[in-house]
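All figures in this text were calculated on a predicted structure; none of them were measured in a lab. Here is the naming used below: chain letters follow the sequence lines, and residue numbers restart at 1 for every chain.
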Amino acid sequence: MSKNFFDKCYNLISKIPKGKVTTYKEVATALNSKGYRAVGNAMNKNPNAPIVPCHRVVASTGKIGGYAFGTKKKIELLRKEGIKIEEGRIQDLKKYLVSSKELKRR
DNA sequence: TATTTGACCAAGA
DNA sequence: ATCTTGGCCAAAT
């Protein structure tokens with residue numbers, strides 16, 4: 001069960017389907033919080049590497065954000081899932097975005 | 001207990 | 001279209 005902030009983040013992120021993404025902000029919002037940065041911290045500190053698809057969490061500006069194993073690797077993974085990225089930026093973020101509402105339900 | 005540190009975000013002197 | 005700035009929150013120091 002998830003009781004702390006970090007675990008809640010991991011739970012939500014696990015729901016993101018392949019080929020879609022969400023943002024640090026949406027995750028925070030889904031937790032009724034404004035702790036966007038704290039979400040990033042959760043990813044960085046305890047990536048739960050292969051278990052949680054933390055590469056599907058990007059910045060709300062469309063930029064990729066960081067990744068424990070390197071941003072380049074993150075981009076590759078996203079591309080592999082069919083997401084278009086150019087100049088380190090997601091082309092049509094809206095199209096792939098999973099909203100906080102969608103994260104909340106279930 | 002207080003301060004520092006981020007895989008952030010929105011607005012714009 | 002970029003860069004800077006001030007504000008956000010939870011964990012770690």
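- Remark: A:Cys54 SG to A:Tyr10 OH distance equals 8.5 Å, nearest 0.5 Å.
- For the pair A:Lys25 and B:dA10, the criterion of a side-chain N or O lying under 4.0 Å from OP1 or OP2 is met.
- Following rounding to the nearest Å, A:Asn4 (CG) and C:dC9 (P) show an atom-to-atom distance of 18 Å.
- Taking only side-chain atoms of A:Asn44, from C-beta outward, the nucleotide of B:dG6, B:dC8, C:dC9 with the closest atom is B:dG6.
- Mapped onto DNA chain C by nearest heavy atom, A:Lys45 and A:Ser33 fall at different nucleotides, with A:Ser33 at the one closer to the 5' end.
- The NZ-C1' distance, from A:Lys63 to B:dC9, rounds to 11 Å in whole Å.
- Here A:Ser60 reaches the OP1 or OP2 of B:dC9: one of its side-chain N or O atoms lies under 4.0 Å away.
- Here the nucleotide nearest the side chain of A:Phe6, chosen from C:dC9, C:dA11, B:dA7, is C:dA11.
- Both A:Met43 and A:Ile16 are members of a single hydrophobic cluster when ILVMFWY side chains are connected at heavy-atom separations under 4.5 Å.
- For A:Tyr24, whose side chain is taken as the heavy atoms from C-beta onward, the closest listed nucleotide among B:dC9, C:dC9, C:dA12 is B:dC9.
- Between A:Glu26 atom CD and B:dC9 atom C1' there is a gap of 12 Å when expressed in whole angstrom units.
- A:Val57 and A:Leu97 are members of different hydrophobic clusters when ILVMFWY side chains are connected at heavy-atom separations under 4.5 Å.
- Under a hydrophobic clustering in which Ile, Leu, Val, Met, Phe, Trp and Tyr are joined whenever their side-chain heavy atoms come within less than 4.5 Å, directly or via other members, A:Tyr24 and A:Val98 fall into the same cluster.
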Before you tell me yes or no, could you show the steps for A:Tyr67 and A:Ile75 under side chain to side chain contact (heavy atoms under 4.5 Å, CB included), namely the whole-Å CA-CA distance, both residues' side-chain angles and the distance that decides it to 0.1 Å?
CA-CA 9 Å; A:Tyr67 193 56; A:Ile75 292 175; over 6 Å; no
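- Here C:dA10 presents its P atom at 16 Å from NZ of A:Lys3, a figure rounded to the nearest Å.
- Among the candidates A:Ile83, A:Val58, A:Thr61, the single residue satisfying the side chain to side chain contact (heavy atoms under 4.5 Å, CB included) test with A:Leu93 is A:Val58.
- A straight line from CG of A:Leu31 to C1' of C:dC8 spans 15 Å, rounded to a whole angstrom.
- In this structure, B:dC8 forms a base pair with C:dG7, meeting either the Watson-Crick or the G-U wobble geometry with both donor-acceptor distances under 3.5 Å.
- When the shell of 6.0 Å around NZ of A:Lys104 is examined, it contains more than 12 heavy atoms from other residues, nucleotides or ligands.
- Going from atom CG of A:Leu93 over to atom C1' of B:dC8 covers 14 Å, rounded to whole Å.
- Across all strands shown, B:dA13 forms no Watson-Crick or G-U wobble pair with both key distances under 3.5 Å.
- Look at A:Arg56 and A:Glu81 and you find a salt bridge, because one of the NZ, NE, NH1 or NH2 atoms lies within 4.0 Å of a carboxylate O, short of that distance.
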For nucleotides 5-7 of chain C, tabulate all protein N/O to nucleotide N/O atom pairs closer than 3.5 Å, reporting atom names and distance.
residue, atom, partner, partner atom, Å
C:dG7, O6, A:Arg37, NH1, 3.0

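- Comparing B:dC9, C:dC9, B:dA7 against the side chain of A:Lys34 picks out C:dC9 as the nearest.
- Atom CG in A:Asn41 sits about 8 Å away from atom C1' in B:dA7, given to the nearest Å.
- Nucleotides of DNA chain C nearest to A:Gly35 and A:Arg89 differ in position, and the one nearer the 5' end is that of A:Arg89.
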Show the numbers, then the answer: is there a side chain to side chain contact (heavy atoms under 4.5 Å, CB included) between A:Leu31 and A:Cys9?
CA-CA 8 Å; A:Leu31 297 177; A:Cys9 290; 3.9 Å; yes
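- Of the residues in residues 64-87 of chain A, those lying under 4.0 Å from DNA chain B by heavy-atom distance are A:Gly66, A:Tyr67, A:Ala68, A:Lys74.
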Run the numbers on A:Glu26 and A:Tyr36 for side chain to side chain contact (heavy atoms under 4.5 Å, CB included), then give the verdict.
CA-CA 8 Å; A:Glu26 293 300 319; A:Tyr36 336 114; over 6 Å; no
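- In the set B:dC9, C:dA11, C:dC9, C:dA11 carries the atom at the smallest distance from any side-chain atom of A:Phe5.
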